[in-house]
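Along the sequence shown, residues carry numbers from 1.
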Amino acid sequence: MNALTRAERAQVDASSGTTVTFRLNGRDVCAGPGESLLKVAQREGFDIPHLCYKDGLDTAGNCRACMVEIKGERVLAPSCCRYPAQGMEVLTASERALHSQRMVLALLQSDMREAHYTRNNALDHWSARLDVGKPRFAPRAAVPADLSHPAIAVNLDACIQCTRCVRACREEQVNDVIGLAFRGDQAAIVFDMGDPMGASTCVACGECVQACPTGALMPARDAALPVPDRQVESVCPYCGVGCQLTYNVKDNRILFVEGRPGPANQMRLCVKGRYGFDYAQHPHRLTVPLVRREGAPKRGDFVMDPARVMDVFREASWDEALALAGTSLMAIRDTYGKRALAGFGSAKGSNEEAYLFQKLVRTGFGSNNVDHCTRLCHASSVAALLEGIGSGAVSNPVMDVARAQVVIVIGANPTVNHPVAATWIKNAVKNGTRLIVADPRRGDLARFAHRFLQFEPDTDVALLNAMMHVIVAEGLVDQDFIASRTIGYEELQRNVAAYSPELMAPVCGIDADTIRYVARLYASSKASMILWGMGISQHIHGTDNARCLIALALMTGQIGRPGTGLHPLRGQNNVQGASDAGLIPMMYPDYHRVDDPEAVARFESLWGMTLDRQPGLTVVEVMRAIERGEVRGMYIMGENPAMSDPDAQHAREALAALDHLVVQDIFLTETAYLADVVLPASAFPEKTGTFTNTDRTVQLGRQAIDPPGQARQDLWIIQQMAARLGLDWSYASVADVFDEMRHAMPSIGGITWERLQREGAVTYPCRAEGDPGEPVIFTDAFPTASGRARFVPADIIPAAERPDQEYPVVLITGRQLEHWHTGSMTRRAGVLDAIEPEPVALVHPLDLAAIGGQPGDVVTLASRRGQVSLFARVDDGTPRGAVFVPFCYYEAAINKLTNAALDPFGKIPEFKYCAIRITLGGEVPRQSSFGGGQILAAGSKQGDG
């Protein structure tokens, strides 16, 4: 049998699912389906040099360092892309194989200059292992370094053209920036069309750096870093994807971050996860408790001045600060009643912190006035999900897009807000999944879409009802699913009858044929999945928007199976877990209503206290209650409502009017600047706890470094505050808190602390110890009283504030790839701030030209509530008549303009739509330069939303 036939047979064996037996270095071994010779050799303990191969990337077989001898074949074979066949005999270290391996390594050494750019050069490693010695061949001509990018240094002197960076960029991340250009000895790695990396479309995810075996691509500052003395496995502190990562630490300092193979990311990271870690070591960290000086006024129209911080505050001991905070809050409670106090927790804190914080408010303050940033991101989604299917959790993990035939992404920009999740969507598209992207703005994901629906802002219900009209009219509904697992279909059927695509096309701006095509595609697919973001939820009709998405899934039976379902992409790293833990005003942990007598009795027994049975106030409602004099004291942990709330000036004025405000944070945020007592807390890498990602996976984050100075861990501070409020708590460790949580929350009852330490991640529901967890839920029934889901019809409700002659433009707010929420963390991360240092407004080029502006000009945006000035950036993905602005910039706090009108069900503000005008000119406030855009020796470890 000739070599080609053997190779073909081996490939057939590998892909057929057959286990084969063959001889490897004289030993009989078995190879599982899809295992290459290299993988089997590694598993069996035989080392074979390899450079172009990397786990997780498609094999290329181009470096030829892994050549092995196969008996009976005339030529050697690359073990990374050769598969065993039954009876094959393979030698990995025969004389022929070793000679070839050494020759390849020697030739590649000639490509390397004397300078070394990394401590972990794989070529040096294998050359030393095989005793190759010094290079024998003349080196190639020097290649100038490209240091144009703030995050990544390009040293093509060290490039061996293994193409791992190309595959990481184009096949794994699907960013399509890096390529291999030219031929022969002119072949070279290029960025876009041969641009410097800093001028390319690179999004600095760093996967190319993680993939590079020689240091040709390296972190820009890595050469100056010492060797880490330990590694700590933890979780990313940013978005809800929940990427697992490794902190590399020396002398209580994080040197750099690497991705690791967690369930949500499989080693992948984005720019924030990889480079946004050094905020924890920023000199602006709060390191000592602060107390407002006697006579220092609190003003809602403040301008933070770094030179006058200590004119406003003085340092205090922990005993003094805690005593003042506790006695002041207790005095308010005793004078004005329990509902005169409120607490805001954080979706950036751990599950244990969220649980204890809401327990403190409910048992120490005595009311349910506790909330967090879920009110500002997915409250309407959760309201609709609880109403419709009995659970606010996602039905399927993000990675199920790989099992879907059709995926709809609506009201979300995953490449910016959930970059690693976006890579799985792009991978799915490359493997045949049909992607429908629907959004008023055209983001990067639209270029991968089978259909892109750029509908008019505020017309979600019109579009979605038109799709349902088509599905009903053409008989594409799943009658069996509707009959056996739902209620209320007839009412919905009658409602959508009035929403034909022909009638809705002029409303939403999508032609009727496209609406019909997308509706048919979604309904007729064997597996269709919907993912959405805050473009759906942050409207006064956000709950109606989500109701329509739920109805789409129910009427077509596209839920309860792999590759189907509903997935609202969670904003912060623990917004799911904080909500699960009861950090919301109308729900106890695990979503038991506070006005349900059975739930009240259960938690009164668990906590040994009489509990309030009246639902509490939400974030925005608290601000209005302060204005009315009903709320007079607050305890805020890690939230920054002075930046994140709608009509932010009103929020600042409300906070300034409080009788007493206690803020617990790692920086002196805009909110903390208004506090009476500021308690220095722990950053994410400074504590151990659990965090629940958007997939419902509970993951263990481990402490990597110690808090600076007198800063303390959040759990310690909460317990100290509880003691000052008269509560007798006794938790020896975070494990004790988690154990109480799991007994209070049946959904995680089967997850033990020991299991998390061992496995690192478990998906809930996991009700009994030993259960594997359930990535896909609602398979047989819904968690409602009847076990059935409910259709809820929705009609068109316009935005609370529409454009008019005075304010003719629509303002849309959101996030930026490099910065996070209110910016207090990421604007203190050196690389991230270097990439995006200035506040920008994204404007359609024709709209900018219409006011006589050019890219980079200063423009002023004004609404009925305020105005900001910032720099214009042209973006043809932003529709005509609209402007998009991130809300992370203190010097251009865009939430001064947004409308505080609320969705009546989710009580979420309308961040995604208000009327503004745009004019050319203005002055952008210049802040003091400190490696972060906000101006105080202190900002929020936890932004909002």
Once rounded to the nearest 0.5 Å, what's the spacing between atom [atom1] of [X] and atom [atom2] of [Y]?
X	Y	atom1	atom2	value
L98	T92	CG	OG1	7.5 Å
D58	C80	CG	SG	11.5 Å
T697	Q576	OG1	CD	10.0 Å
I189	C159	CD1	SG	4.5 Å
N573	T694	CG	OG1	11.5 Å
E89	L24	CD	CG	11.0 Å

L700 vs V235, test: side chain to side chain contact (heavy atoms under 4.5 Å, CB included). Steps then yes/no.
CA-CA 7 Å; L700 185 60; V235 185; over 6 Å; no

Are there more than 12 heavy atoms of other residues, nucleotides or ligands under 6.0 Å from atom [atom1] of [X]?
X	atom1	result
R183	CZ	no
K526	NZ	no
H125	NE2	yes

Hey, is the main chain of [Y] close enough, under 3.5 Å, to the side chain of [X] for a donor-acceptor pair?
X	Y	answer
S234	R702	yes
H418	V416	no
N693	V241	yes
R561	T564	no
K430	E171	no
T433	A404	yes
N265	P261	no
N248	L255	no
R451	I436	no
Q558	Y522	yes

Salt-bridge criterion met for [X] and [Y] (N-O under 4.0 Å):
X	Y	answer
E258	R274	no
R102	D131	no
D176	R447	yes

Starting from the C-alpha separation in whole Å, work towards a yes-or-no answer on salt bridge (Lys or Arg N to Asp or Glu O under 4.0 Å) for E172 and R167.
CA-CA 7 Å; E172 185 178 85; R167 283 174 281 147; over 6 Å; no

Can we call the ring centroids of Y517 and H450 under 6.0 Å apart?
yes

Please report whether the ring centroid of W532 lies less than 6.0 Å from that of H567.
no

Could you tell me which non-hydrogen atom of [X] sits nearest to which non-hydrogen atom of [Y], and how far apart they are?
X	Y	value
R403	A527	O-CB, 3.9 Å
A31	P84	CB-CG, 3.4 Å
C236	L245	CA-CD2, 3.5 Å
N155	A145	OD1-CB, 3.6 Å
N396	G565	OD1-CA, 3.6 Å
S525	Q405	OG-CB, 3.2 Å

With heavy-atom distances below 4.5 Å as the criterion, would you say the side chains of [X] and [Y] are in contact?
X	Y	answer
E754	E769	no
I70	R82	yes
P228	F256	yes
P213	R164	yes
V68	L91	no
V698	L756	yes
V776	S395	no
L76	R96	yes

With S127, which of N121, L108, V132 fulfils side chain to side chain contact (heavy atoms under 4.5 Å, CB included)?
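Looking at N121, L108, V132, the match for S127 under the side chain to side chain contact (heavy atoms under 4.5 Å, CB included) is V132.
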
Identified side chain to side chain contact (heavy atoms under 4.5 Å, CB included) counterpart of V177 within the set C165, C202, C208
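The side chain to side chain contact (heavy atoms under 4.5 Å, CB included) with V177 is passed solely by C202 among C165, C202, C208.
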
Just do the salt bridge (Lys or Arg N to Asp or Glu O under 4.0 Å) check on R43 and E35 with the steps written out, would you?
CA-CA 10 Å; R43 174 164 52 78; E35 273 195 307; 2.8 Å; yes

Step by step, would you call E207 with R268 a salt bridge (Lys or Arg N to Asp or Glu O under 4.0 Å)?
CA-CA 7 Å; E207 287 302 317; R268 303 178 185 187; 6.0 Å; no

Do S200 and D195 have side-chain N/O donor and acceptor atoms under 3.5 Å apart?
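Result is no, nothing qualifies.
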
Does a donor on one side chain sit under 3.5 Å from an acceptor on the other, for T163 and N62?
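Yes, because at least one side-chain N or O of T163 sits under 3.5 Å from a partner of the opposite role on N62.
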
